[in-house]
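Let me begin by presenting the structure, written as structure tokens, before commenting on it.
Below, read A as the first sequence line, B as the second, and so on, with proteins coming before strands; counting in each chain starts at 1. As a basis for the values below, the full set of heavy atoms in this structure was taken, side chains included, without hydrogen atoms, waters or symmetry mates. These figures come from a predicted structure and were not determined experimentally.
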Amino acid sequence: MVKKGMRTNLKVVSIILLSAFTLATIASIVFSNSDTIALDENNCLSCHSNLNIEKKSTNGVLISLRISEKDVNRGAHRYIDCTTCHTTKPHEAKPALTKQSSAEKCGTCHKYEYKVHTQSIHGQQLQQGNQDVATCVDCHSPKADAHSVIRVLEYGAPTYKKNIAETCNKCHGNTELMQDYGLVERVYESYMRSFHGKAIGLSGYDITQLDAATCTNCHGVHDIKATADPTATVAGMDNLAKTCEQCHAGAGAEFARGFLGHKEASPKNIPIAYYVERFFNLLLLSVLGAGGIVLMGAVVRYSGNRWRK
Amino acid sequence: MATITRTDEAEKVQVEEQVTRFDVHQIIQHAVLMVSFILLVVTGLPMKFSTAGISEWWVQIWGGISNIRAVHHTSAYVMVLVCLYHLIYIGYGMLVKKRPFPMWMVPSVADFVKLFQELAYFVGLRKEPPQFDRFNWREKFDYWAIFWGMPVMAGSGFILMFPVFATKYLPGWVVPVAYTAHSHEAMLAFTWIFFIHIFFNHFSPSVYPLNKSIFTGKVPRERYIKEHALEYERLTRVDEEKPEKEAVGTITRASQ
């Protein structure tokens with residue numbers, strides 16, 4: 001009897017130990033934080049990670065001063081201390097960064113990229129005070145915020161090749177905004193209909209698969225020019241052909257002439273492509289329509305025959 | 001040439017008579033065409049519907065876009081080769097084997113009449129379906145559709161595979177034209193084969209669920225009489241004047 005009781009006790013103890021171990025394992029997985037910790041030499045985040053840290057600006061608007069710890073821990077600059085950008089006396093720094101001053105800030109280290117950007121259509125517009133344009137953080141951060149800038153090769157990065165078209169589409173898909181600049185083409189949709197867009201869309205995230213052209217491969221990266229600019233990589237058939245040749249070895253102007261120019265085929269834009277499409281639509285409608293009628297007829301008759309049996 | 005063979009199973013009274021409808025070349029041609037077609041469809045559809053979530057998943061199953069593209073291109077070459085094989089087979093049959101021109105495949109006014117007769121039967125305006133010769137109008141349509149579809153698909157596919165080469169000799173617009181033609185014609189072929197061809201050849205009540213004749217070359221005699229009444233009658237009609245020639249086909253009784 002005693003022996004049997006002991007065995008029961010052992011069973012109970014082992015069950016308790018086992019479940020405790022399982023719970024501990026699950027808990028350690030659930031609550032573990034495997035993120036790297038951003039460099040924060042002056043413990044700025046001890047205050048600035050608070051949810052409700054805010055201040056009233058000179059014109060009476062409440063501004064949140066909160067910095068997401070999660071973002072800076074994941075950010076490309078996680079090992080650059082806050083003071084590198086915010087100066088050694090951040091509380092004395094002039095507030096209210098503008099698009100221009102924020103881009104300049106990036107340019108203090110990323111000199112070449114900044115210089116190239118100032119010559120691009122985005123940068124030129126920025127210097128004229130246009131607040132619509134894309135600057136560094138608009139493309140390099142998922143939140144258009146300097147603290148969450150992530151590296152180009154991260155899958156979630158707006159600048160990762162798989163995501164570039166969507167990133168451009170954030171502004172270029174906004175028809176109202178684009179109308180102000182005379183850009184009426186539905187560039188994202190036409191790109192996704194094209195071979196390049198389909199290849200990128202189907203390719204998954206493996207960088208070796210992402211070998212088709214996206215927006216930046218033809219239009220440039222930091223140095224994007226307006227298509228009306230004669231120095232643009234896509235201006236005129238000769239420039240366009242040279243751009244095609246970067247991937248399609250030996251492509252000439254005739255090859256470039258086959259490009260629909262981000263527009264649908266129409267009587268004005270490669271009319272033959274438009275009429276061939278119309279012809280096939282008609283062919284499909286008539287052949288499949290006739291086939292469908294015969295098929296439906298057969299289904300009805302065969303079912304009827306069976307019903308009567 | 002259809003031959004009608006009759007096999008008695010040893011010691012059994014059951015007699016299953018089969019009519020030979022297709023020769024080994026035709027069986028191979030259909031099988032290779034079918035396999036390459038299915039491969040082309042399963043590797044081409046994700047390209048057509050690239051924004052559907054399942055497409056990216058399906059491409060990744062194949063190990064990425066370069067793999068699925070390689071399968072698509074290889075199947076395309078196989079399909080072109082099997083079509084050439086068929087043309088050589090027809091030419092060889094006529095020139096070397098001195099077979100008559102396969103007139104039974106040529107569309108005629110009778111086919112259109114039978115189309116409407118069949119429709120009339122389907123909607124109940126006729127009591128009996130029309131009687132067919134060796135090939136009914138649907139089979140002829142399926143056959144001749146390939147003569148339209150293959151040049152369109154192979155031609156446009158070639159341009160899309162080698163756009164730089166194509167635009168060296170042809171104007172630039174051939175590329176967008178090839179793109180739209182390839183995509184539309186593919187949908188036409190796919191929809192027709194998977195709905196109409198499969199329905200009439202496999203799901204119609206007399207053959208459901210699978211018509212094996214294109215794989216074995218043989219059709220049970222009972223079914224042949226029903227589906228190809230005119231041809232059967234022609235084959236079995238004994239010529240009164242030349243009885244030794246027994247028309248076109250022969251009925252042989254093979255017992256074990």
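Applying the salt bridge (Lys or Arg N to Asp or Glu O under 4.0 Å) test to pairs two or more places apart or on separate chains, none has a residue in residues 284-298 of chain A.
Within residues 292-300 of chain A, the residues having any heavy atom less than 4.5 Å from a heavy atom of chain B are, in residue-number order, A/G292, A/I293, A/V294, A/L295, A/G297, A/A298, A/V299. Interface residues of residues 34-42 of chain B toward chain A, defined by a heavy-atom distance below 4.5 Å: none.
In this structure, CH2 in B/W104 is found 6.5 Å from CD in B/E231, a value given to the nearest 0.5 Å. To the nearest 0.5 Å, the span separating CG on B/L33 from CD1 on B/I146 amounts to 5.0 Å. One finds the CG atom of B/L160 at 4.5 Å from the CZ atom of A/F195 (value rounded to the nearest 0.5 Å). Rounded to the nearest 0.5 angstrom, B/I193 CD1 and B/I198 CD1 are separated by 7.5 Å. Between A/C139 atom SG and A/I224 atom CD1 the span is 7.0 Å, to the nearest 0.5 Å. The CD1 atom of B/I61 sits 10.0 Å away from the CD1 atom of B/I68 when rounded to the nearest 0.5 Å.
With a 4.5 angstrom heavy-atom cutoff, B/L188 touches chain A via backbone and side-chain atoms both. Proximity to chain B is absent for every atom of A/F259, based on heavy atoms less than 4.5 angstrom apart. Both the backbone and the side chain of A/L284 come within less than 4.5 Å of a heavy atom of chain B. For a residue to count as touching a neighbouring chain, one of its non-hydrogen atoms must lie under 4.5 Å from one of that chain's; by this rule B/V59 touches chain A with the side chain only. Looking at A/I272, both its backbone and its side chain come within 4.5 Å of chain B, counting heavy atoms on both sides. At a 4.5 Å heavy-atom cutoff, the contact between B/V152 and chain A is made by side-chain atoms alone. Interface residue B/L170: only backbone heavy atoms are found under 4.5 Å from chain A. Neither the backbone nor the side chain of A/A212 comes within less than 4.5 Å of any heavy atom of chain B.
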>> For B/L125 and B/F116: C-alpha separation, side-chain torsions, deciding distance, then whether side-chain contact (heavy atoms from CB on, under 4.5 Å) applies.
In response: CA-CA 10 Å; B/L125 295 175; B/F116 287 106; over 6 Å; no
>> Using the rule given for side-chain contact (heavy atoms from CB on, under 4.5 Å), can you reason through A/M178 versus A/C171, listing the C-alpha separation, both sets of side-chain angles and the distance that settles it, and then say yes or no?
In response: CA-CA 8 Å; A/M178 286 303 119; A/C171 295; 4.3 Å; yes
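Counting heavy atoms from C-beta outward, B/P220 and B/E17 have side chains that stay 4.5 Å or more apart.
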Considering only heavy-atom distances, could you tabulate the donor-acceptor pairs under 3.5 Å between chain B and chain A?
unit_1, atom_1, unit_2, atom_2, d
B/M47, O, A/K198, NZ, 3.0
B/K48, O, A/K198, NZ, 3.2
B/E56, OE2, A/K162, NZ, 3.2
B/E56, OE2, A/G204, N, 3.4
B/Q60, OE1, A/Q209, NE2, 3.3
B/Q60, NE2, A/L202, O, 3.1
B/Q60, NE2, A/S203, O, 3.3
B/Q60, NE2, A/Q209, OE1, 3.3
B/Y121, O, A/R301, NH1, 2.9
B/Y121, OH, A/N305, ND2, 3.1
B/G172, N, A/E254, OE2, 2.7
B/Y179, OH, A/R193, O, 2.5
B/H184, NE2, A/N281, OD1, 3.0

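Relative orientation of the B/F190 and B/F194 rings is tilted, given thresholds of 30° and 60° on the angle between their planes.
The environment of CZ in B/F215 is crowded: more than 12 heavy-atom neighbours from other residues, nucleotides or ligands sit within 6.0 Å. The neighbour count for B/I54 CD1, taken as heavy atoms of other residues, nucleotides or ligands under 6.0 Å away, does not exceed 12. Crowding of B/F112 atom CZ: a count of heavy atoms from other residues, nucleotides or ligands under 6.0 Å not exceeding 12. Around the CZ atom of B/F195, the shell of radius 6.0 Å holds no more than 12 heavy atoms that belong to other residues, nucleotides or ligands.
The greatest number of non-hydrogen atom pairs below 4.5 Å with chain B, out of A/G197, A/C244, A/G201, is found for A/G201.
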